[in-house]
There are 2 protein chains.
Amino acid sequence: MNAMRWLTEDERATWRAFLHATTLLGDHLDRQLQRDASIPHMYYALLSTLSETPGRQMRMTELAEQTKITRSRLSHAVARLEGNGWLRRENCPSDRRGQVCVLTDAGYDELVRTAPGHVTAVRTAIFDRLTPEQTASLGEISRIIAEGLHQPEDADLPWMR
Amino acid sequence: MNAMRWLTEDERATWRAFLHATTLLGDHLDRQLQRDASIPHMYYALLSTLSETPGRQMRMTELAEQTKITRSRLSHAVARLEGNGWLRRENCPSDRRGQVCVLTDAGYDELVRTAPGHVTAVRTAIFDRLTPEQTASLGEISRIIAEGLHQPEDADLPWMR
């Protein structure tokens with residue numbers, strides 16, 4: 001047994017600052033998108049992810065993995081966005097049990113309408129404040145953390161639930 | 001009117017990695033704390049913040065500001081933690097309308113019981129993977145983002161709601 005390793009003073013300060021930044025940012029972007037499109041930030045991420053794929057569609061299981069959320073959260077979100085007419089579900093041609101999520105034209109139009117305000121909010125909150133070196137560093141650190149959470153092989157990953 | 005400034009390729013890659021890391025990390029820490037203490041991560045942050053103050057207590061308005069959440073989220077969380085016997089609310093001696101939130105002995109014991117597992121989860125997911133330079137950089141970037149979201153003076157801050 002190793003002795004308990006608490007965080008150092010520097011690590012505690014970083015952890016506190018990171019929690020403050022991510023909590024404030026999440027609130028800020030949710031408010032912005034609720035005001036401009038009546039959807040939370042995570043729903044926007046679904047529309048945006050689909051818009052970048054060939055045919056603007058993706059299997060539900062893959063969409064959950066791409067957006068790092070649970071299947072039940074995805075189902076709930078897709079049902080809401082389907083109600084808005086922005087998405088629709090279709091049976092998967094290559095897998096009888098699978099479903100494909102398709103961005104509709106109305107959903108694409110909504111994304112085109114909403115994207116400038118959202119990108120401006122992200123740019124103002126983050127990238128206009130960071131140097132190119134800090135942007136690169138934030139990307140690198142984020143990739144290290146995300147990769148770590150994919151291990152070990154039996155990691156309890158959201159989209160497997 | 002300036003032309004719309006979209007994100008550059010590097011900024012988009014950083015933004016995507018950051019969303020992946022924060023979504024996975026939030027899910028991971030919520031799961032860990034639900035499993036070990038039956039509370040979400042944000043509730044743990046409230047207990048932890050109170051444990052570090054003189055007298056293990058704080059005014060509700062200040063606790064909302066410290067943890068960067070809305071007053072209504074705080075009220076909801078405090079009611080739940082009060083039900084567990086881990087917090088209690090008292091009238092503020094210096095302000096008739098104010099309330100003070102106090103960490104009880106049972107709440108402190110719960111924090112002592114839960115902290116090693118939680119700190120290990122945070123260390124394993126983040127600090128064991130980063131160099132000291134990356135830890136410092138993550139702290140600096142987080143502070144820049146958090147400070148930016150406190151401006152302008154009329155910023156729509158969670159704890160004012």
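The sequence lines fix the lettering, A, B, ..., with proteins before strands; numbering per chain opens at 1.
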At what distance, to the nearest 0.5 angstrom, does [atom1] of [X] lie from [atom2] of [Y]?
X: A/Leu24; Y: B/Glu147; atom1: CG; atom2: CD; answer: 11.0 Å
X: B/Gln134; Y: A/Ile145; atom1: CD; atom2: CD1; answer: 9.0 Å
X: B/Leu149; Y: A/Ile126; atom1: CG; atom2: CD1; answer: 8.0 Å
X: B/Leu19; Y: A/His41; atom1: CG; atom2: NE2; answer: 5.0 Å

Would you say A/Ser137 and B/Ser137 are linked by a side-chain donor-acceptor pair, where the criterion is simply a distance under 3.5 Å?
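The answer is yes; a qualifying pair exists.
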Salt bridge between [X] and [Y], side-chain N to carboxylate O under 4.0 Å?
X: B/Arg123; Y: A/Glu11; result: yes
X: B/Asp27; Y: A/Arg73; result: no
X: B/Asp156; Y: A/Arg31; result: yes

Closest heavy-atom pair and its distance - A/Thr14, B/Thr135
OG1-O, 3.1 Å
Does the side-chain contact (heavy atoms from CB on, under 4.5 Å) test come out yes or no for B/Thr120 and A/Met4, once each step is laid out?
CA-CA 8 Å; B/Thr120 299; A/Met4 176 64 206; 3.7 Å; yes
Could you go through B/Phe18 and A/Leu25, starting from their C-alpha distance and side-chain angles, then the distance that decides it, and tell me whether this counts as side-chain contact (heavy atoms from CB on, under 4.5 Å)?
CA-CA 12 Å; B/Phe18 180 78; A/Leu25 190 61; 3.6 Å; yes
Are A/Phe127 and B/Leu138 connected in the hydrophobic side-chain network, where two residues link if heavy atoms are under 4.5 Å apart?
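Linked within one cluster.
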Pick one of side chain, backbone, both or neither for [X], based on which atoms fall under 4.5 Å of a heavy atom in chain B.
X: A/Ala45; result: neither
X: A/Thr131; result: neither
X: A/His28; result: side chain
X: A/Gln66; result: backbone

Is there a side-chain contact (heavy atoms from CB on, under 4.5 Å) between B/Ile141 and A/Leu130 once you walk through the steps?
CA-CA 7 Å; B/Ile141 290 166; A/Leu130 302 182; 4.0 Å; yes
Among the options B/Glu52, B/Met42, B/Arg16, pick out the one with the most heavy-atom pairs lying under 4.5 Å from chain A.
B/Glu52
